[in-house]
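Below is one structure, written out as structure tokens, with a few remarks after it.
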Amino acid sequence: MKKDLLGIGDLTDDEIYLILDTAEAMREIGQRPIKKVPTLRGKTVVNLFFEPSTRTRTSFEIAEKRLSADTLNIAVAASSVLKGETLADTAMNIEAMAPDMIVLRHASSGACHLLARICKSRIINAGDGMHEHPTQALLDAFTIREHKNRIAGLKVTVVGDLLHSRVLRSNVLLLTKLGAEVWLSGPPTLVPPGIERMGVRVSTSVDEAVTGADVIMMLRIQQERMQGAFFPSVREYFTVFGMTADRVRRAKPDVIIMHPGPMNRGVEIASDVADGPYSVILEQVANGVAVRMAVLYLLAGGVEEDEAAA
Amino acid sequence: MPIVMDADRMARTLTRIAHEIVERNRGMEEVALVGVRTRGVPIARRLAHAISEISGQAMSTGALDITLYRDDLMRHAVGPQPLVRRTEVPFSIDDKRILLVDDVLYTGRTIRAALDALIDFGRPQSIQLVVLVDRGHRELPIKADYVGKNLPTSMRESVQVRLIEIDGRDEVEIREA
């Protein structure tokens, strides 16, 4: 493994499979009466979150605790960022206390790359702006592989706010790398221009995009990132792009429905679909802990030769 | 390099250990076998089969991966992390007499890790250690209860156990490292 996990783009196929296979072993630890192994004893992990997050932060924290690391949570509201400190200064101050790893969530794309350059600590990207969210894509791939036993050759349809989604970018990179056929659908105003160059098919018709799909992945409408009028109303969005039971019927009979959370019921997904038999949304959350344990464990090892020399 | 145990000898050794286990434990109801990955696992299965033949009692077996419990894991983190494989102990070990099975007993550090891993699953009534080969050079106060073969070695040598299930043939070889 390299020093940091900044994005799916930096990982080789072998590294992706190594993370997924290691996560298989890690999952068993969560099923024991004593859900803890001594592996990262004495390691300090700082969870540095500049954006609100419940699921991802909790997931990382549980993963760190199950591996016996000492964890420290720094949330933006309680930090000196409000007093005018820059990201680099905040990072250097944390670095001075010699943590082994920093898990970073930041609203600016590339924030993790900045930290990776100035910090000796290993950096794990827990979501940077509209760029990447690698551990989410890894846990999605883990969940897909668990249900379908493969990723290559599957039709995976992603529907929703494609423009603001770092989950989308990481997932497209990972799924196309491993040979899935990826379809995207969403309002034209929320489709990033030139996204086809990432090797995906784009359709403004959800019905076309989900036909014959093995996996349907819904993305949240990120109203907090929207400063313009991207679609007329939530009600209209649901009518045209919302995942309803009728639309699910166009997919394969054994389709799985995924959502990275948090869900907006009645906006991008109907409640009966979210809670229905095809939904693996809560499994994704459970698998997230195992995948993050795998990443923490693998990053705690030595740095590759050429990387260390650089 | 010399083959110190061939397939025939290995089969007879395991049968002998199975008899010793049955004799010493007087009743196999609360006994279960747990193999240490990789090669302890097939050995544990073979012993379970042999014990069932002798006692008429079906035996439970499990598999333990000790990677996450190793004492050298984070000390000299220069290379990539060792591969973690799955631990499978599909039964409660509480109040059971556990037979911990490995292929080679050397420094004792693997067994130390295995004991820690096992105790995270519950509180067995006792743990006994079964090894196919004891090659000496202990670094921890650990001793096997059942030994297939005591093999005097130098620390420059390595002992390779091969099993049909993994390596396609049964044998034990000593080689100069």
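Reminder, nothing fancy here: chain letters follow the sequence lines and each chain counts from 1. Owing to the predicted nature of the structure, the values given are computational and were not obtained by experimental measurement. Heavy atoms only: backbone and side chains are in, while hydrogens, waters and symmetry mates are out.
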Heavy-atom pair count under 4.5 Å with chain B, highest-scoring of D21(A), T22(A), I29(A), V37(A) = V37(A)
query = Do R105(A) and T56(A) get their side chains close enough for a donor-acceptor pair, meaning under 3.5 Å?
reply = yes
ask   = Which bit of E24(A) is near chain B, if near means a heavy-atom gap under 4.5 Å: side chain, backbone, both or neither?
value = both
Pair H147(A), E283(A): side-chain N/O donor-acceptor within cut-off below 3.5 Å = yes
ask   = Any side-chain donor-acceptor pair under 3.5 Å between T71(A) and K65(A)?
value = yes
ask   = Without hydrogens or angle criteria, can the side chains of Q128(B) and N25(B) be said to hold a donor-acceptor pair below 3.5 Å?
value = yes
task = Establish, from distance only, whether the side-chain atoms of E95(A) and S121(A) form a donor-acceptor pair under 3.5 Å.
result = yes
ask   = Which atoms of K36(A) come close to chain B, meaning under 4.5 Å heavy atom to heavy atom: side chain ones, backbone ones, both, or neither?
value = backbone
task = Considering only heavy atoms and a distance below 4.5 Å, find which of D116(B), V84(B), V89(B), T87(B) pairs most often with chain A.
result = T87(B)
note = From the list V130(B), V131(B), I111(B), side-chain contact (heavy atoms from CB on, under 4.5 Å) partner of L100(B) resolves to I111(B)
note = When the 4.5 angstrom heavy-atom criterion is applied to P33(A) and chain B, the contacting part is side chain
task = Would you kindly say whether D65(B) and T67(B) are connected by a side-chain donor-acceptor distance under 3.5 Å?
result = yes
ask   = Are side-chain N/O atoms of D140(A) and Q284(A) paired as donor and acceptor at under 3.5 Å?
value = yes
message = Report, in residue-number order, which members of residues 290-298 of chain A are under 4.5 Å from chain B by heavy-atom distance.
response = Y297(A), L298(A)
